[in-house]
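What you see is a predicted model; the values in this text were computed from it and never measured. Chain naming here is simple, since letters A, B, ... match the order of the sequence lines and numbering starts at 1 in each.
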2 protein chains.
Amino acid sequence: MARDAEETRRRLLAAAADEFAQRGIAGARVDRIAAAAGANKALIYAYFGNKDQLFDAVFDALVVSTVADVPIDPADLPGYAGRLFDRNQTHPQALRLLLWHSLERGGMAALPPAVVASNADKAAAIAAAQRAGQLPDRYPPEELLLLVIGLSLLGSAELAPTDGPEALARRRDVVTDAVARLVAAGGGTAAGR
Amino acid sequence: MARDAEETRRRLLAAAADEFAQRGIAGARVDRIAAAAGANKALIYAYFGNKDQLFDAVFDALVVSTVADVPIDPADLPGYAGRLFDRNQTHPQALRLLLWHSLERGGMAALPPAVVASNADKAAAIAAAQRAGQLPDRYPPEELLLLVIGLSLLGSAELAPTDGPEALARRRDVVTDAVARLVAAGGGTAAGR
DNA sequence: GTTATGCAACTAACTGGTTAGTCGGCTATC
DNA sequence: GATAGCCGACTAACCAGTTAGTTGCATAAC
């Protein structure tokens, strides 16, 4: 077997992603990660520091990259929701890691700066679209962003299982349609209920 | 100190609710629960069996009761969403316990029969209202129920913090307004997008 | 009303196994 | 033969669950 530190590191990270996504930080076992990666446990400490820093590395690689890789289009929020939905299907670990992070670390407030900044950018983009009249301004930008992201992740098979590809496609349609209704013109503001 | 098994049991359950809500099943410490309840650890095993069964007892007391205590009104889903939202503010542990359960046990599929049955009833009530024309039938009943419950819980301070009572009230308005838009008459079906 | 008895409630200390993290040495490669 | 990559074996702490024994209370006998 060829010696390749970068490759070993990659295998450890992938095994850690599986373990953390499935069991969370407290439930994850360092020995199990090393065994799954076919590597020695000591390498985890050599490459990543400790268990918590290993989680951070996994989180950065999977969740932070998701936030960066799915750009928002304020003029087409249903499309954005659909893309987020799809990303969740192809990367089922990401949402679970986000939830573990929220529960075991200090909620969304403890998210990495990159994620916080990205959310602020997205909210700003929504606000600009609202000022330009492309988007109704009945919800504050942060609230609208929360609704759209929340609805997208809601459909994920993790929380509410769908069985079969046609059920999944229907779920996707429901989510994008729901977002479309939220941003449709007409009706009053939230306060005017 | 008076000896009162029922009272001791109650204290243990309350302490366990705090511990499990904060740290989850794997992260919870039996010793910590006993200390917080001012009781001996062995009593936990005498009264509840083991750590997992203690979690079940906590879950039943807090989450299952929530499901039962907030009845659905298919003719007023925004009101239902608002009541769920409020319940989450007064019982902040419930949502966290639900999330821990989803992540550490096997997803929503592993929910207790009482919850599954209650959800089925709620979906049936929605289906009946759709047949009666009180509710648009653009979403299947189960999907609509998921959207409404999801939106209600989404606003919870746990996942997306709100600071201050006025921000909370606005969040509540956003949630109920969003549900109102989903069930408003007009527009096409989900499939017809 | 005082004392003996039975028992549920409770406790301190222990056990067996697990777990994060470490350390000294081995090995492939250049 | 120097060095980066890697490993087996170890440790100290931790943790769920158990056990043998103590304490307070109720009931009843005298």
Participant: Indicate whether OP1 or OP2 belonging to D:dC6 is found under 4.0 Å from a side-chain N or O atom of A:T8.
Facilitator: yes
Participant: Between C:dT19 atom P and A:I33 atom CD1, what is the distance in whole Å?
Facilitator: 12 Å
Participant: Which atom pairs, donor and acceptor, lie under 3.5 Å between side-chain atoms of residues 70-77 of chain B and protein residues at least two apart or in another chain?
Facilitator:
from, atom 1, to, atom 2, distance (Å)
B:D73, OD1, B:A75, N, 3.1
B:D76, OD1, B:G79, N, 3.0

Participant: Calculate the interatomic distance between A:K41 atom NZ and C:dA20 atom P; express it in whole Å.
Facilitator: 7 Å
Participant: Give the rounded distance in Å between these two atoms: CZ of A:R11 and C1' of D:dG5.
Facilitator: 12 Å
Participant: Check if the side chain of A:R29 and the base of C:dT18 share a donor-acceptor pair of N or O atoms closer than 3.5 Å.
Facilitator: no
Participant: What is the distance, rounded to the nearest whole Å, between atom CZ of A:R9 and atom C1' of D:dC6?
Facilitator: 16 Å
Participant: Which pairs would a plain distance check flag for residues 18-26 of chain B, meaning a side-chain donor or acceptor within less than 3.5 Å of a matching protein atom at least two apart in sequence or in another chain?
Facilitator:
from, atom 1, to, atom 2, distance (Å)
B:D18, OD1, B:Q93, NE2, 2.5
B:E19, OE1, B:R32, NE, 3.4
B:E19, OE2, B:R29, N, 3.0
B:E19, OE2, B:R32, NE, 2.9
B:E19, OE2, B:R32, NH2, 2.8

Participant: Got a sec? Which of residues 46-56 of chain B come in under 4.0 Å of DNA chain D, heavy atoms?
Facilitator: B:N50, B:K51
Participant: Measure CZ/A:R23 against C1'/C:dT19 and give the value in whole Å, please.
Facilitator: 14 Å
Participant: Once you apply a heavy-atom cut-off of 4.0 Å, does A:A26 come out as touching a base, just sugar-phosphate, or nothing?
Facilitator: nothing
Participant: For B:A5, which contact category applies under a 4.0 Å heavy-atom criterion: base, sugar-phosphate, or nothing?
Facilitator: sugar-phosphate
Participant: When you compare the side chain of A:R105 with that of A:D56, does any pair of heavy atoms fall below 4.5 Å?
Facilitator: yes
Participant: Which part of the nucleic acid does A:A34 contact within heavy-atom distance under 4.0 Å: base, sugar-phosphate only, or nothing?
Facilitator: nothing
Participant: From the list C:dG21, D:dG17, D:dC7, which nucleotide is the closest neighbour of the side chain of A:Y45?
Facilitator: C:dG21
Participant: Tell me: CG of B:L43 to C1' of D:dT23, nearest whole Å?
Facilitator: 13 Å
Participant: How would you list, by chain and number, every residue that makes a side-chain contact (heavy atoms from CB on, under 4.5 Å) with A:D60, sequence neighbours excluded?
Facilitator: A:V64, A:P112
Participant: Evaluate the side-chain proximity of B:Y80 to B:V179: yes if any heavy-atom separation is below 4.5 Å, no if none is.
Facilitator: no
Participant: For B:R3 and D:dT23, give me the distance from atom CZ to atom P, rounded to whole Å.
Facilitator: 10 Å
Participant: Taking distance alone, no hydrogens or angles, what donor-acceptor pairs closer than 3.5 Å link side-chain atoms of residues 120-128 of chain A to residues at least two apart or in another chain?
Facilitator:
from, atom 1, to, atom 2, distance (Å)
A:K122, NZ, A:V67, O, 3.3
A:K122, NZ, A:S118, OG, 2.9

Participant: For B:N40 and for B:R32, find the nucleotide of DNA chain D with the closest heavy atom, then tell me which residue's nucleotide is more 5'.
Facilitator: B:R32
Participant: Calculate the interatomic distance between B:I44 atom CD1 and D:dG17 atom P; express it in whole Å.
Facilitator: 10 Å
Participant: Show me, pair by pair, the donor-acceptor contacts under 3.5 angstrom made by side chains of residues 36-46 of chain A, not counting sequence neighbours?
Facilitator:
from, atom 1, to, atom 2, distance (Å)
A:N40, OD1, A:A42, N, 2.9

